[in-house]
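Below: one structure, written as structure tokens.
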Amino acid sequence: DGNELTEISDYMKEETTTDGNEELHGIAEDKNVIFISLESLQSFVIDNTLHGEEVTPFLNSLIDESYYFENFYHQTEQGKTSDSEFIVENSLYPSPRGAVYFTHAQNDYHSLPEIMGENGYNSAVFHSNNKSFWNRDVMYDNIGYDHFYDENAYEVTDENSVGWGLKDKDFFKQSIKYMQQMEEPYYSKFITLTNHYPFELDEEDATIEKYDSNSNTLNSYFQTARYMDESVEEYFDYLKEAGIYEDSIIILMGDHYGISDFHKKAMMQYLDKEEYTDYLHVQLQRVPFFVHIPGQDGEVMSKIAGQIDVKPTILNLLGIDDSNDLSFGTDLFDEDRKDFIALRDGSFITDDYVYTKDQCYNRQSGELIDSTNQLSGEGEDSVCQPYEEQVNKELNYSDEIIFGDLFRFNDFENESNK
Ligand code: GP9
Ligand code: MN
């Protein structure tokens with residue numbers, strides 16, 4: 001039966017259900033939602049330079065006209081891009097191992113495309129890869145996407161592809177004709193590809209010099225990140241030309257890290273750090289998150305945030321009542337928010353602390369406050385400990401929902417779920 005769900009949904013109502021920011025509630029009502037997944041883009045390149053040049057000039061310029069979240073963390077695990085999609089669509093955590101998109105694609109979910117569909121939205125995903133990669137075709141169908149423009153929808157040639165497939169600039173260019181056919185309002189998700197490990201790029205597409213370090217990966221990363229930045233700029237121009245721009249909110253998000261801790265030395269060199277600490281590693285899990293609403297001024301948002309919060313944030317902007325939803329995230333514009341961001345490995349970030357590998361750090365300074373290994377004697381608890389318990393509880397609850405397919409016991413339409 002669904003008794004397990006009662007405890008979990010009580011927890012969610014208590015901890016994560018908020019009314020949402022009132023001022024912004026419904027501000028994007030009936031507007032199209034264009035979501036752009038920025039492959040492997042980490043925040044450390046945003047507003048940063050290489051050889052005296054901005055790495056991502058276009059995205060940097062967007063900071064002035066968007067809500068830009070500078071302390072936004074990815075929460076993915078082995079399912080990489082598909083995990084980021086899963087988190088955004090469901091406001092649940094991904095699986096501790098494997099990819100939910102493969103292991104639990106047939107579960108009952110109450111996903112973003114489904115909820116938006118109930119509220120008059122058409123939905124589509126645009127991504128030029130084999131449709132069954134990450135089992136996307138099966139999962140998308142289950143969670144209510146109306147259409148998937150996969151590799152077959154694109155003209156892919158030797159000239160217009162590199163690395164994993166169609167170059168991002170060609171991808172966006174070829175997508176516009178499909179968007180113009182979509183009935184408004186729509187929710188469309190675009191998944192970029194060029195800035196993917198091992199960050200290959202044709203010479204003619206490179207507009208910034210490579211970095212010079214012992215890591216070819218990091219050296220090339222800046223070039224493909226710049227290429228992606230330019231592709232997004234071109235896409236914005238297409239949207240303006242097609243008259244779509246003014247009627248749409250555009251959300252951009254990095255899906256997960258691109259540079260692993262295998263490249264410590266090169267990263268330390270680029271960031272000018274003496275040491276690659278576990279604290280630094282957690283801070284490098286920040287990915288860019290932009291919300292662009294036409295007619296709204298920009299603002300840099302410094303509060304901690306994560307992918308888990310995207311779903312309730314979008315629903316609030318659209319004015320869709322999600323009080324019956326079950327999610328672990330909260331509206332990012334609401335002051336009254338849950339006060340931690342959990343990473344899938346149990347590390348977490350709060351306003352004051354960063355916790356990882358049994359160590360509790362001051363978030364601002366990076367100084368080690370205490371380490372569980374050193375604490376001894378009665379009553380001597382880490383300041384991180386209360387959070388540690390709640391983080392583990394929450395991650396376990398999410399696993400229970402997914403592994404037990406618990407949402408099949410919940411009727412999200414029913415008022416009694418409140
Ligand atoms: C593949 C693309 C990249 O379709 O989404 O996948 P990733 O390796 O980043 O999960
Ligand atoms: Mn990815």
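Computed from a predicted structure; not experimentally measured. Atoms within a ligand are numbered from 1 in the order they appear, just like the ligands themselves.
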| request: Of the side chain and backbone of Tyr197, name the one, both, or neither that has a heavy atom under 4.0 Å from an atom of ligand 1. | output: neither
| task | Please work out which of the three classes, parallel, tilted or perpendicular, describes the rings of Phe289 and Phe69, given edges at 30° and 60°. | result | tilted
| task | Decide whether a cation-pi geometry holds between Lys273 and Tyr276; the criteria are a distance under 6.0 Å from NZ or CZ to the six-membered ring centre and an angle within 45° of the ring axis. | result | no
| query | At the Mn ion (ligand 2), what's the angle from Glu39 OE2 to His256 NE2, rounded to 10 degrees? | reply | 90°
| request: Look only at the side chain of Arg226 and the backbone of Thr207, and say whether a donor-acceptor pair between them is shorter than 3.5 Å. | output: yes
| query | At what distance is the nearest protein heavy atom to atom 6 (O) of ligand 1, and which residue and atom is it? | reply | Thr81 OG1, 3.1 Å
| said: Checking a contact table here: which protein heavy atom is nearest atom 8 (O) of ligand 1, and how many Å away? | reply: His196 NE2, 2.7 Å
| query | ring pair (Phe, Tyr, Trp, His ring centres under 6.0 Å) with Tyr235: which of Phe190, Phe126, Phe58? | reply | Phe190
| remark: Numbered in order shown, the ligand 1 atoms found under 4.0 Å of a heavy atom of Leu193 are 2 (C)
| Going by the order shown, which atoms of ligand 1 are within less than 4.0 Å of some heavy atom of Trp134? | 6 (O), 7 (P), 10 (O)
| If you measure only the distance, is there a donor-acceptor pair under 3.5 Å linking the side chains of His74 and Gln285? | yes
| Are any of the N/O atoms in His127 less than 3.5 Å from those in ligand 1? | yes
| note | To the Mn ion (ligand 2), the closest N, O or S atom belonging to Asp255 is OD2
| query | Do Lys240 and Glu246 meet the salt-bridge criterion of a basic N to acidic O distance under 4.0 Å? | reply | no
| message | Only heavy atoms of Asn129, strictly under 4.0 Å: list the atoms of ligand 1 that pass. | response | 1 (C), 4 (O)
| task | Could you confirm whether His196 has any N/O/S atom lying under 2.8 Å from the Mn ion (ligand 2)? | result | no
| task | Mind telling me whether Phe290 and Tyr68 have parallel, tilted or perpendicular rings, with 30° and 60° as the class edges? | result | tilted
| field | Minimum non-hydrogen distance to atom 5 (O) of ligand 1, winning option of Lys80, Glu39, Arg136 | value | Arg136
| note | Per-atom filter on ligand 1: closer than 4.0 angstrom to a heavy atom of Phe133 are 1 (C), 4 (O)
| message | Out of all atoms in ligand 1, which are within 4.0 Å of some heavy atom of His256? Include the element for each. | response | 9 (O)
| query | Does Ser84 bring an N, O or S atom to within less than 2.8 Å of the Mn ion (ligand 2)? | reply | no
| request: Without swapping roles, check the side chain of Asn324 against the backbone of Phe412 for a donor-acceptor pair under 3.5 Å. | output: yes
| field | Charged N-O contact under 4.0 Å between Arg136 and Asp150 | value | no
